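Read through the structure below, which is laid out as structure tokens, and then see the notes.
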Amino acid sequence: MTDYNIKIENVVASTKLADEFDLTKIEAEFEGAEYNKQKFPGLVYRVSEPKAAFLVFTSGKVVCTGAKNVADVHTVISNMAKKLNEIGIKTIKEPEITVQNIVASADLHAVLNLNAIAIGLGLENIEYEPEQFPGLVYRIDKPKVVVLIFSSGKLVVTGGKTPENCAEGVEVVKQQLDSMGLL
Amino acid sequence: RLRKWQRRIRVSNATERNLAFALSELDRMASALGLPRTVRETAAVVYRKAVDKNLIRGRSIEGVAAAALYAACRQCSVPRTLDEIGEVSRVSRKEIGRTYRFISRELSLKLMPTSPIDYVPRFCSGLNLKGEVQSKGVEILRQASEKELTSGRGPTGVAAAAIYIASILCGERRTQREVADVAGVTEVTIRNRYKELAEELDIEIIL
DNA sequence: GCTTTAAAAAGTAAGTT
DNA sequence: AACTTACTTTAAAAAGC
């Protein structure tokens with residue numbers, strides 16, 4: 001029916017795996033790990049299956065990004081803890097994982113007139129500068145998310161903490177455009 | 001009391017000094033871009049409003065001045081691109097764009113995106129094209145916006161493509177390279193836009 | 001504010017072939 | 001002219017400048 005083809009493209013989460021990390025040791029033991037303290041305080045480590053990227057800090061805190069769904073986030077963080085254990089680094093048993101941001105794409109299946117939408121949604125609520133970026137930026141309060149609206153009818157929803165937030169954001173945009181007869 | 005009085009004078013001096021600097025900056029940039037007096041005055045008004053609302057905090061005077069000038073050009077329908085403003089400012093185009101969005105929101109300027117039509121007079125004169133070509137270009141752009149061919153596209157690219165087509169239809173052909181240079185876009189962009197316009201508006205281009 | 005990560009949207013740009 | 005690569009925008013966390 002209302003197929004908006006909502007697809008989660010990226011999930012960002014944070015957690016704490018230990019009280020402290022020796023990033024230099026991890027860099028030496030983990031293949032492909034990058035750590036340049038002057039460049040960035042965190043160690044960068046990429047994994048595949050599921051694909052994801054980690055930012056590991058000396059405080060024991062970790063940022064996981066690039067996962068395609070929330071379940072994968074738990075999987076890759078669990079795998080990461082195991083690898084650390086194999087290297088002789090103790091990790092916290094059941095780390096509290098917090099999803100910080102979800103990026104999703106969707107499709108309204110309709111060609112849109114962004115100028116009309118800019119007026120309809122109110123110039124004070126949107127940002128549309130085609131000279132700099134082809135998408136119209138719409139910040140929503142209800143689910144606190146930001147939706148990028150393109151003339152092709154495709155959308156990008158970001159800023160949400162749950163997949164539901166993203167779906168709500170798409171619904172809000174869809175209904176608003178509908179009520180203004182712009183869809 | 002005397003100390004407070006002196007402090008006020010000091011603050012006042014600093015404020016006036018900063019305003020004077022900002023206004024001289026606006027004048028310098030406006031002159032470099034050959035902008036009319038009305039635009040400079042509009043930019044000065046925007047800048048003063050920004051000062052009155054304390055929007056300068058944490059921002060450079062040059063950045064706010066450049067953003068005010070960019071906004072003024074749009075308000076006066078004689079737009080300059082962020083790249084053009086950036087060329088006469090010491091502030092990066094990214095910073096100007098960011099500051100523009102900020103003051104635009106805080107001062108509720110409520111400006112619609114620049115219309116490609118507003119670039120036609122300047123681009124045409126830069127190509128030594130007369131009124132007939134301009135009119136034809138504007139006509140093409142009117143049809144283009146009606147057929148949703150401008151949403152999400154860069155205004156300068158669409159304007160350049162329309163002028164390119166108009167110059168051919170009027171027998172005053174300019175090359176894509178020439179149009180691209182005055183419009184500040186690449187030939188590839190003009191090619192993509194003009195093909196789209198020609199096809200959707202059923203215009204036959206005989207090269 | 002910046003630095004680093006990932007990912008999508010669509011337009012524009014730049015370098016190769 | 002095609003391809004490829006890359007940059008524009010959005011959000012969010014991490015530690016430090």
Side-chain angles (χ1 to χ4, degrees), chain A residues 5-17 20-21 23 34-47 50-68 72-73 76 97-108 112 114 126-140 144-161 165-166 169, chain B residues 58-60 63 81-83 93-95 97-98 101 150-158 160 176 180 183-193 195-196:
Chain A
N5 300 1
I6 298 180
K7 180 187 178 189
I8 293 180
E9 307 284 357
N10 183 25
V11 178
V12 181
S14 62
T15 187
K16 183 172 182 183
L17 289 180
E20 64 176 333
F21 277 136
L23 300 186
E34 306 166 18
Y35 180 44
N36 301 296
K37 195 177 183 15
Q38 9 274 71
K39 189 182 180 189
F40 186 68
L43 174 149
V44 179
Y45 184 57
R46 297 178 176 77
V47 299
K51 185 182 178 186
F54 288 94
L55 295 182
V56 186
F57 300 86
T58 57
S59 63
K61 290 185 177 179
V62 171
V63 169
C64 173
T65 183
K68 288 295 185 184
D72 281 356
V73 169
V76 296
I97 299 173
T98 308
V99 172
Q100 302 289 355
N101 181 34
I102 292 181
V103 180
S105 58
D107 193 347
L108 294 178
L112 308 174
L114 300 185
I126 62 94
E127 277 185 14
Y128 174 44
E129 298 292 331
E131 179 189 334
Q132 300 175 254
F133 188 69
L136 183 155
V137 182
Y138 185 34
R139 289 160 204 282
I140 300 176
K144 186 177 173 296
V145 298
V146 174
V147 182
L148 304 184
I149 305 173
F150 297 85
S151 62
S152 64
K154 298 277 187 62
L155 310 174
V156 168
V157 186
T158 186
K161 303 283 191 193
N165 289 163
C166 299
Chain B
R59 262 163 278 271
S60 69
T81 63
L82 283 177
D83 282 325
R93 91 161 232 163
K94 188 168 185 175
E95 176 64 25
R98 158 187 340 244
R101 283 180 225 162
T150 58
S151 267
R153 281 108 181 172
T156 52
V158 182
Q176 293 179 3
V185 298
T186 63
E187 294 171 286
V188 178
T189 294
I190 290 188
R191 221 166 281 141
N192 292 332
R193 295 296 137 244
K195 284 179 179 171
E196 185 173 57

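So you know, we letter chains A, B, ... as the sequences are listed, proteins then strands, and number each from 1. None of these values were measured; they are calculated from a predicted model.
Residue contacts for B:G184: at a heavy-atom cut-off of 4.0 Å it reaches the sugar-phosphate backbone alone, with no base atom in range. At a threshold of 4.0 angstrom between heavy atoms, the contacts of A:K37 with the nucleic acid are absent. Residue contacts shown for A:K7 are absent, as no nucleic acid heavy atom lies under 4.0 Å away. At the heavy-atom level, A:G135 lies nowhere under 4.0 Å from the strands shown. Residue A:T58 is out of contact with every strand shown, counting any heavy-atom pair closer than 4.0 Å. Within the 4.0 angstrom heavy-atom criterion, only backbone atoms of the sugar-phosphate kind lie near B:V185; the bases stay farther away.
Considering only residues two or more places apart in sequence or on other chains, A:E127 meets the salt bridge (Lys or Arg N to Asp or Glu O under 4.0 Å) condition with none of them. For A:F21, there are no ring-ring contact (aromatic ring centres under 6.0 Å, His included) partners two or more places apart in sequence or in a different chain. Applying the salt bridge (Lys or Arg N to Asp or Glu O under 4.0 Å) test to B:R101 and every residue at least two apart in sequence or in another chain returns nothing. Residues passing the salt bridge (Lys or Arg N to Asp or Glu O under 4.0 Å) test with B:E196, sequence neighbours excluded: B:R153, B:R193.
Going from atom CG of A:L43 over to atom C1' of D:dA15 covers 13 Å, rounded to whole Å. The distance between atom CZ of A:F40 and atom C1' of C:dT4, rounded to the nearest whole Å, is 4 Å. Between A:Y35 atom OH and C:dT3 atom P the separation is 19 Å, expressed in whole Å. Whole-Å rounding puts the A:L23 CG to D:dA14 P distance at 16 Å. In this structure, B:N192 atom CG and D:dA2 atom P are separated by 8 Å, rounded to whole Å. Here C:dT3 presents its P atom at 17 Å from CD of A:Q38, a figure rounded to the nearest Å. In this entry the distance linking CZ of B:R153 with C1' of C:dA13 reads 17 Å, nearest Å. If you measure from atom OH of A:Y45 to atom C1' of D:dA14, you get 19 Å, rounded to the nearest angstrom.
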For this session: For nucleotides 5-13 of chain D, just jot down a letter per nucleotide in 5' to 3' order: B, S or -, based on protein non-hydrogen atoms under 4.0 Å.
Result: ---BBBBBB

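Counting heavy atoms from C-beta on, the side chains of A:C64 and A:V76 come closer than 4.5 Å. Annotation: side chain of B:T81 is in contact with side chain of B:T156 (closest heavy-atom distance under 4.5 Å). Under the 4.5 Å side-chain criterion, counting only non-hydrogen atoms from C-beta, A:K161 is not in contact with A:K144. Between A:F54 and A:L43, every side-chain heavy-atom pair lies at or beyond the 4.5 Å cut-off.
For A:S152 and C:dA10, the shortest distance from a side-chain N or O to OP1 or OP2 is below 4.0 Å. Residue A:S105 places no side-chain N or O under 4.0 Å from the OP1 or OP2 atom of C:dA9.
Salt bridge status for B:R59 with B:E95: absent, with no side-chain N to carboxylate O gap under 4.0 Å.
Rounded to whole Å, the separation between the C1' atoms of D:dC3 and C:dA7 comes to 22 Å.
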Problem set entry | Secondary-structure string, 5' to 3', Watson-Crick or G-U under 3.5 Å, | for another-strand partners, for DNA chain C | |||||..||||||||||

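At distances below 3.5 Å, at least one donor-acceptor pair connects side-chain atoms of A:Y128 with backbone N or O atoms of B:G152.
Where B:G152 and A:A104 each meet DNA chain C at their nearest nucleotide, the meeting point lying more 5' is that of A:A104. Across the interface with DNA chain C, nearest-nucleotide mapping of A:V44 and A:L155 shows A:V44 to be the residue nearer the 5′ end.
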